[in-house]
Amino acid sequence: GEQARESTDLWAKFSTAAYDFFLNSAPDNFLHPTMAGAQWVHQGMFSAWPFSFALELASLREAPDWGEIWKGLVEESPVGNPPTCDLKGAADTADLPSRTSTNLVHQAYHTFVFQQATSLLPWDAASGLVVEFGGGYGCLCNLMRTGCFE
């Protein structure tokens, strides 16, 4: 229907903008919102709604294995220069990573939900396979590799 066409049109615009960006720009800063031509990334990747980010990060921090697993997984890489969250003003920042992003926390949260539902981490699962649809411009792949998925 109409919604499906609007969604298809929107993603066609994102694809065209991404193609044009990579054809005409160095990719070093492709995730940064101030990079000219990179606004296509931020339409769906980095949540502008801090409430969901706060809930997801709080759920991860409350996990008994926060320090052992989740804290290291939400430490953002500088590759692509993604926008990061300034957590310095947050209460009780001693156990927070030095840099993270809403995208990475969101991917880690989905992995956490998987662990809660299955009692397994994806890199410990017997299948040895992760299929990724919309994994945050490589963010989920990086998270899996950090978690030792091979």
Side-chain angles (χ1 to χ4, degrees), residues 7 10-11 13-15 17-150:
S7 178
L10 177 66
W11 282 101
K13 287 178 187 175
F14 288 164
S15 296
Y19 175 81
D20 291 342
F21 174 80
F22 284 112
L23 188 63
N24 300 305
S25 307
D28 301 17
N29 286 323
F30 84 96
L31 291 174
H32 202 273
T34 60
M35 184 65 187
Q39 291 80 10
W40 56 272
V41 173
H42 305 282
Q43 294 293 322
M45 261 312 78
F46 299 96
S47 173
W49 197 39
F51 183 70
S52 59
F53 168 75
L55 288 176
E56 291 173 350
L57 183 58
S59 295
L60 293 170
R61 285 180 77 190
E62 291 170 3
D65 48 7
W66 161 252
E68 180 186 336
I69 297 173
W70 305 107
K71 181 180 178 184
L73 291 177
V74 297
E75 182 76 37
E76 183 63 79
S77 165
V79 174
N81 195 19
T84 55
C85 304
D86 181 6
L87 300 175
K88 292 180 182 115
D92 188 24
T93 60
D95 70 336
L96 290 173
S98 60
R99 71 184 256 135
T100 193
S101 70
T102 56
N103 185 25
L104 183 56
V105 167
H106 189 64
Q107 302 300 330
Y109 179 75
H110 283 291
T111 307
F112 171 74
V113 170
F114 176 86
Q115 180 206 35
Q116 297 300 298
T118 66
S119 299
L120 294 169
L121 290 163
W123 44 89
D124 295 334
S127 73
L129 175 69
V130 173
V131 177
E132 173 182 10
F133 293 95
Y137 296 94
C139 187
L140 181 61
C141 178
N142 187 51
L143 184 137
M144 292 294 145
R145 291 186 58 79
T146 301
C148 298
F149 187 87
E150 295 179 10

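Excluded from the calculations below are hydrogen atoms, water molecules and symmetry mates; all remaining heavy atoms, backbone and side chain alike, are included. Everything quoted here is computed from the prediction, not taken from an experiment.
The two residues Leu143 and Leu73 have their closest heavy-atom pair at O-CD2, 3.7 Å. Heavy-atom minimum distance, Glu76 versus Thr100: CB-CA, 3.6 Å. Of all heavy-atom pairs between Ala108 and Trp70, the closest is O-CZ3, 3.6 Å. Leu121 approaches Ile69 most closely through the heavy-atom pair CD1-CD1, 3.6 Å. Minimum interatomic distance between Leu60 and Phe112 (heavy atoms only, all atoms of both residues): CD2-CB, 3.5 Å. When all heavy atoms are compared, the tightest approach of Glu56 to His106 is OE2-ND1, 2.8 Å.
By the 4.5 Å heavy-atom criterion applied to side chains, Thr146 and Glu75 are not counted as neighbours. Counting only heavy atoms from C-beta outward, the side chains of Tyr109 and Val74 never approach each other to under 4.5 Å. By the 4.5 Å heavy-atom criterion applied to side chains, Thr111 and Gln107 are not counted as neighbours.
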Residues Gln115, Asp65; criterion side-chain contact (heavy atoms from CB on, under 4.5 Å); working and verdict
CA-CA 11 Å; Gln115 180 206 35; Asp65 48 7; 3.2 Å; yes
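Listed for the Thr102 side chain is no donor-acceptor partner under 3.5 Å among the backbone atoms of Phe53.
One finds the CG atom of Leu140 at 12.5 Å from the CZ atom of Arg145 (value rounded to the nearest 0.5 Å).
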